[in-house]
Number of protein chains: 2
Amino acid sequence: MVWCDEHGKRLEDYPRPSVAVDTAVLTVEDNELKVLLVPLVQGSESTVVERSEAAVVERSEAESKPKLALPGTFLHEGETLADAVLRSLRDKAGVSGRRPRQLRVFDNPARDPRGWVLSVAHVDLVPVAVLGESLAHDGVRLASADDASVLDGLPYEQGEIVAAAVQSVRKEYEAEPDPGALLDEPFTLAQLRRLHTAVLGEEPMRDTFRRSMEPRLKPTGAMTGGGRGRPSRTWRRGSPTNAPQR
Amino acid sequence: MVWCDEHGKRLEDYPRPSVAVDTAVLTVEDNELKVLLVPLVQGSESTVVERSEAAVVERSEAESKPKLALPGTFLHEGETLADAVLRSLRDKAGVSGRRPRQLRVFDNPARDPRGWVLSVAHVDLVPVAVLGESLAHDGVRLASADDASVLDGLPYEQGEIVAAAVQSVRKEYEAEPDPGALLDEPFTLAQLRRLHTAVLGEEPMRDTFRRSMEPRLKPTGAMTGGGRGRPSRTWRRGSPTNAPQR
DNA sequence: TTAATAGTGTCTGTGAGACATTATGGT
DNA sequence: ACCATAATGTCTCACAGACACTATTAA
């Protein structure tokens, strides 16, 4: 049995694009929202013209200051997009991704000089502790997710992907307490507010924050101890946690 | 010059999926949100088993009650997703689409029996007047966008696409006056509220609706006449209209 | 005792929801 | 005159924003 279209042609008879996934892995470090970047694998990416002009200079520059990019990969046959994302994070960054969420498809035909490549942009939130070992290996590093000078240096349209990821994550954090499960449970309201301040890039108001978050949290009954000042009640996220399942 | 990846292979050396676009064209008819369906082009879609069992019955059933589906097509080389959507609406439904918006990629490897096909789901809002001529041609028809019995009959995962489209459009209509530009300008607040009632599936409260919409509208100064009761002021949408540009 | 942090009480302005009233046309 | 519809007025309640105050610990 062969599946054909209305003209009797098979699917394979039509040109098909390459489909990639690119992921903005966001985390919070030093009270700032950051994005994970990996060295760009370039293959033979120099054009003939560039090579003939200044091959040596390029080589040394490329080694001293390697281009950075979002971790990504091409989609394999029979694989879901989410699985491709998790695979790319493991292979390119040594990171166990958690819950990649689809943003949108970047389909500008001119965005990739290698050819016809669609990129399905994703975002994933990962606690910085999970990234720990991966960093400083293989040139994996974190960059401020708001730093335009970094984002503008990204290849293809990955600066826009990061911008979309940041916008999406900020929208989530305006409504829910730590939907990305970046905090270890249990936590205090002050810790939660510090986290949200880092993600949002600005301080949410103290009273309003407490009033909107408290009904969405479950009290543990336990209190913090050891710090200066009055001990604090501790909390867990409400039932629909975004924590990874597998 | 040839672009290669980290293993020196070219993009074309990897398996690539077919990429389709499927579009939920939504409109309002008879104060109800409806979705445009077209006859499913099946090619040789019956399996061998089905054929040997009841070929004649299937054939007659297929002709008296052809399967319906969302308009869609495969992405052509060098074409943007939005352009593919507009082309599919023109070719399959004789409709001039307006502003297709991307929803998400449906990537379940088993969703399409013809093979490895990703579908980028889209939604577009089109006034029923624009659909006028297309309907009743070629079996193009409108179905209630809330009718589960219709949606469950759609092939692949198109029922979910429609559900996602409806959800997305309803969210827009909760915040903005007629963002899909379904109403001809100028219009009255009563007409606008009837439209929103149809889209949302429930009546927004009269006072709240007026209070939230009025600041987002531009008064024309003109009044309606001819109807029963006191004449009404008329309005246009606020500046950032969603009307098609080209 | 003091500093530091957590938590509570309360005043006020704004806006949603609800309802009543007035305005202005047709029949 | 009466009805239907549009438009406006206003009452109440809830909550955001703001600020002050109390509570509980360590130094």
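Reckoned from all heavy atoms, side chains included, excluding hydrogens, waters and symmetry mates. Letters A, B, ... are given to chains in the order of the sequence lines, protein chains preceding strands, and every chain is numbered from 1. It should be emphasised that the depicted structure is a prediction, and the values quoted were computed from it without experimental measurement.
One N or O donor and one acceptor, one from the side chain of Arg206(A) and one from the base of dG7(C), sit under 3.5 Å apart. For dA6(D), the base has a donor-acceptor partner in the side chain of Arg230(B) [N/O atoms by modelled type, under 3.5 angstrom].
Dense packing is recorded around CG of Asp152(B), with more than 12 heavy atoms of other residues, nucleotides or ligands lying under 6.0 Å away.
Separating the CZ atom of Phe209(B) from the P atom of dA7(D) is a distance of 13 Å, rounded to the nearest angstrom. Spacing between atom CG of Asp207(B) and atom C1' of dT21(C) amounts to 13 Å, rounded to whole angstrom units. Between the CZ atom of Arg233(B) and the C1' atom of dA6(D) there is a distance of 10 Å, rounded to whole Å. If you measure from atom CD of Glu203(B) to atom P of dG17(C), you get 14 Å, rounded to the nearest angstrom. Atom-to-atom, CD of Gln191(B) to C1' of dT5(D) comes out at 13 Å; the value is rounded to the nearest Å.
As judged by a 4.0 angstrom heavy-atom cut-off over every strand, Arg211(A) is placed among the base-contacting residues.
With dG17(D), dA4(D), dC19(D) as the choices, the nucleotide that has an atom nearest any side-chain atom of Arg228(B) turns out to be dA4(D). Considering only the side chain of Pro231(B), dT24(C) comes nearest among dA26(D), dT24(C), dA20(D). For Thr208(B), the side-chain atoms get nearest to dA16(C) when compared with the rest of dA18(D), dT8(D), dA16(C). Checked against dG7(C), dA6(C), dA18(C), the side chain of Ala190(A) finds its nearest nucleotide in dA6(C).
Ser144(B) and Asp146(B) are not linked by any side-chain donor-acceptor pair at a separation below 3.5 angstrom, with hydrogens and angles left out of the test.
Within the 4.5 Å cutoff, the side chain of Leu36(A) has no heavy atoms near those of the Thr27(A) side chain.
Side-chain N/O atoms of Ser232(B) include one lying less than 4.0 angstrom from OP1 or OP2 on dA7(D).
What you find for Pro204(B) and Phe209(B) is that their closest heavy atoms are CG-CD1, 3.8 Å.
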